[in-house]
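Lettering follows sequence order; numbering is per chain, from 1. Note that the structure is predicted; figures quoted are calculated from it, not measured.
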Amino acid sequence: MAWKRTHTCGDLNIEHEGEEVVLNGWVDTRRDLGGVIFIDLRDRYGITQIVFREEDDELHSRAEELRREYVVGVKGVVEARSDENVNPDLQTGEIDINVSELLVYSEAETPPFEIKDDIGTSEDLRMKYRYLDLRRRALTDNLMLRSRSYQSIRNYFHDLDFAEVETPVLMRSTPEGARDYLVPSRVNPGKFFALPQSPQTYKQTLMASGFDRYFQIVKCFRDEDLRADRQPEFTQIDVEMSFIDEEDVFEMTEGLMKQLFEEVSDREVSVPFDRMTYQEALTTYGTDKPDTRFDLKFKNFSDLVADSEFRIFSQTVEEGGAVIGFNLPGEGDMGRGELDRLTERVQEETGAGGLIYIKVNEDEIKCSVGKFLTEETIRQMIDQAGAENGDLVLILAGPTPTVYEQLGTLRLMMGNDYDLIDRDQDHFLWVTDFPLLEWDDDAGRYVSLHHPFTAPQTRDLDKLENKPQEVLSRAYDLVLNGKEIGGGSIRIHQADLQEKMFDVMDIDRGEARDKFGFLMEAFRYGTPPHGGIALGLDRIIMLLAGADSLRDVIAFPKNKSAQSLMDNAPSYVEKDQLDELHIDLKDWVEKQKKEELAESQQKSNS
RNA sequence: GGUCCGGUAGUUCAGCUGGUUAGAACGCCUGCCUGUCACGCAGGAGGUCGCGAGUUCGAAUCUCGUCCGGAUCGCCA
């Protein structure tokens, strides 16, 4: 039977002096000074120091038995600490609880790692004992930030009259995009559901139904390899609106971000956000998600060096590639050894053939390929780069768009290495005017860059058949500090245009109709123009929390191999279960399953 | 799937070109200590050096294989 607590461990302060209180919590640290024992009592709200004195022999000796992570309840009186004993690092640091009664709810074994913030414990151990990991202040705070975020987001949309609608988790598998997670259907032998990569088709259908403003905080699933910023199941803020254009989506999203950031953190968001076309992002920053918190913008030297003696330059330009670079201010004194190491790193990490540099110093201008270039050309390049005395110009040459991406990687490397990133700032950025399609060598056809329901820009409609690679789309991405946190588009809402898109992508009409037929049909019964966006909630929380990994803002995340180490999911299942689902395992899988089961049996026996 | 890095005490790590009994810090246990808050002091326990083979008089250390983990690329409309 638990004592009813009167306060949490984060509540009490000098105002409560003299009050009789009851606290419940975990034993955090214990400082036994002999005649007096101090214990930090912890719950998710905070820490309160409780004191056991020698006067009460029985209580004092029971307090000596307390160990880390025991769960206890205490009754006692709030005492003010004397001035020299106040702990300014603690919310409750002005007071102690002088304990008069102690109740031990639960003892605890010594945990496999310490419950404190700056632990270097490997992630797989933390994952196995996730319930202990989550007791750590940093993770608790991240989840509480997440909890407040849900509230803020829901309030925003409800205030604007958006309808919150749940869409199915079991849906049909669709072509295009990431690999689906499949769920076998017992009652439909041989047939499978897929878990949604996003509720895309449902939310468009809802537009056809007249729910002109929809949102949902929804789990999505993609069966692809993981990264620190990628989980197989993740949460999206999914939004769709009717009778709108890009500007409405931008305005709605900017308002959401502003409210969210300012309600759950102390970060200010200024709206409207900056905008940049995909073309500009690629040619100026070498990526479709530029980190605009620092400069190092690309300059193009192709025209200057097209006729140069240096074959790598002239040949690159002749073959349609580019010679590009950026100015790194103040690093003109970089030594030969350091530049060699940098070159090696660039080759390894970006795959670029080599790195060319110009050191711009008052007494000497030194170019790594100086003997092949005229002094005038070098001078022009320095001007083009905007370099001044003391600066270093870094240059790559190669085929486009690869060379842009390589220089983009180098730009990020330099931004990090030379601490050029202003981490107190948040830079939101809309990236617009994406190409509609890209050529897929493996598939031998055009595929959507975004997804097949994205509307082409009206002015490009006539190019759709003859020059599909030149058609721009009405898609947009939202980028925050160099991380993509959302993307969306204005959709196609006309059946004939949608069919034409499938034609261009060489998805034959039968297949398209079979897989997306319901949506195409919906378009025939009166569908409004519509569009929307999906925002990556986990990533947004990660940035808000200042966490390095998505795993630090998800309560029970998967590891890199898409496993949950705490409950050992996924797992083998009984043969009976498979039989019901009409599924046979491949021979080699069956063999592996037997071996692993035998092994774990042996382990549990010994 | 490719490449690179790693696996030593409960945890994080050190342990060089092979050579006595494999160390440190934190944690844990015991004792002392009435104002600590990373308490302090004294003492103690704790190891199949991931696993298997090889080279050697001798392997944590070198070689090969294997398993596991991390980073990165492919992949992620």
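- Among the atoms of the strands shown, none is found under 4.0 Å from any heavy atom of A:Glu109.
- Distances from the side chain of A:Gln49 to the nucleotides B:C76, B:U36, B:U72 place B:U36 closest.
- Put simply, the side chain of A:Leu478 reaches to within 4.5 Å of the side chain of A:Trp430, judged on heavy atoms.
- Here the straight-line distance linking atom CG of A:Asp477 with atom CZ of A:Phe434 works out to 3.5 Å at 0.5 Å rounding.
- On the C1' atoms, B:A53 is 23 Å away from B:G47, given to the nearest whole Å.
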TODO: Determine, step by step, whether A:Arg172 and A:Thr174 satisfy the side chain to side chain donor-acceptor pair (under 3.5 Å) criterion, reporting the C-alpha distance in whole Å, the side-chain angles of both residues, the deciding distance to 0.1 Å, and the verdict.
DONE: CA-CA 6 Å; A:Arg172 79 163 290 152; A:Thr174 52; over 6 Å; no
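- Side chain of A:Glu114, nearest nucleotide from B:G27, B:C76, B:U36: B:G27.
- Both A:Asp225 and A:Pro111 lie near RNA chain B, and the one whose nearest nucleotide falls closer to the 5' end is A:Pro111.
- Two residues, A:Arg179 and A:Asn559, neighbour RNA chain B, and the one matched to the more 5' nucleotide by heavy-atom proximity is A:Asn559.
- With both ends at atom P, the span from B:A14 to B:C76 equals 38 Å, rounded to whole Å.
- Panel note: side chain A:Gln498, backbone A:Pro452; a donor-acceptor pair is recorded below 3.5 Å.
- A:Leu449 comes within 4.0 angstrom of sugar-phosphate atoms only, judged by non-hydrogen atoms across all strands, and of no base.
- Here, B:G70 and B:U63 have their C1' atoms 25 Å apart, quoted to the whole Å.
- Side-chain atoms of A:Arg230 and base atoms of B:C75 include a donor and an acceptor less than 3.5 Å apart.
- Remark: A:Phe52 CZ to A:Leu59 CG distance equals 5.5 Å, nearest 0.5 Å.
- Contact check, A:Arg68 against B:C28: a side-chain N or O comes under 4.0 Å of OP1 or OP2.
- Checking each of A:Arg30, A:Arg68, A:Arg31 against A:Asp40 for a salt bridge (Lys or Arg N to Asp or Glu O under 4.0 Å) leaves exactly one that passes, namely A:Arg31.
- The CG atom of A:Asp32 sits 14 Å away from the P atom of B:U36 (whole-angstrom rounding).
- Atom CG of A:Asp180 is separated from atom P of B:C76 by 13 Å (rounded to the nearest Å).
- Using atom P as the reference point in both B:C5 and B:C41, the two lie 42 Å apart (nearest Å).
- Phosphate proximity of B:U11 to A:Arg126: absent, as no side-chain N or O sits under 4.0 Å from OP1 or OP2.
- Remark: the separation of the P atoms in B:C49 and B:A22 is 11 Å, to the nearest Å.
- Contact annotation: side chain of A:Lys560 to base of B:U72, donor-acceptor pair present below 3.5 Å.
- Residues from residues 80-99 of chain A lying near RNA chain B, meaning a heavy-atom separation below 4.0 Å, are A:Arg81, A:Asn85, A:Asn87, A:Asp96 in numerical order.
- B:U3 and B:C64 are spaced 14 Å apart, taking the P atom of each and rounding to whole Å.
- Here the C1' atom of nucleotide B:U12 and the CD atom of A:Glu123 are 15 Å apart, to the nearest Å.
- For A:Arg227 and B:G74, a side-chain-to-base donor-acceptor distance below 3.5 Å is present, hydrogens and geometry of angles not being considered.
- Atom CD of A:Gln563 is separated from atom P of B:G70 by 9 Å (rounded to the nearest Å).
- RNA chain B forms stems at B:1-7 with B:67-73, B:10-13 with B:23-26, B:28-32 with B:40-44, B:50-54 with B:62-66, each a run of 3 or more consecutive Watson-Crick or G-U wobble pairs whose two key distances fall under 3.5 Å.
- The aromatic ring of A:Phe113 is not stacked on the base of B:U11, since the criterion of ring centres less than 5.5 Å apart with planes inclined by under 30° is not met.
- B:C32 atom P lies 12 Å from atom CD1 of A:Ile37, rounded to whole Å.
- In terms of phosphate contacts, A:Ser122 brings a side-chain nitrogen or oxygen within less than 4.0 Å of OP1 or OP2 of B:U12.
- Across the protein-nucleic acid pair, A:Glu107 atom CD and B:C29 atom P stand 12 Å apart, rounded to whole Å.
- To the nearest angstrom, C1' of B:C68 lies 14 Å from CG of A:Leu125.
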Task: Verdict with supporting geometry, A:Thr48 and A:Asp43, side-chain contact (heavy atoms from CB on, under 4.5 Å) - done: CA-CA 9 Å; A:Thr48 299; A:Asp43 62 15; over 6 Å; no
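- Listed by residue number, there are no residues of residues 472-495 of chain A with a heavy-atom contact under 4.0 Å to RNA chain B.
- At distances below 3.5 Å, not a single donor-acceptor pair connects side-chain atoms of A:Arg135 with backbone N or O atoms of A:Arg42.
- Distance noted for atom C1' between B:G69 and B:G31: 41 Å (whole Å).
- Between the side chain of A:Asp11 and the backbone N or O of A:Thr8, at least one donor-acceptor pair lies under 3.5 Å.
- Comparing B:C28 with B:A45, their C1' atoms sit 9 Å apart, to the nearest whole Å.
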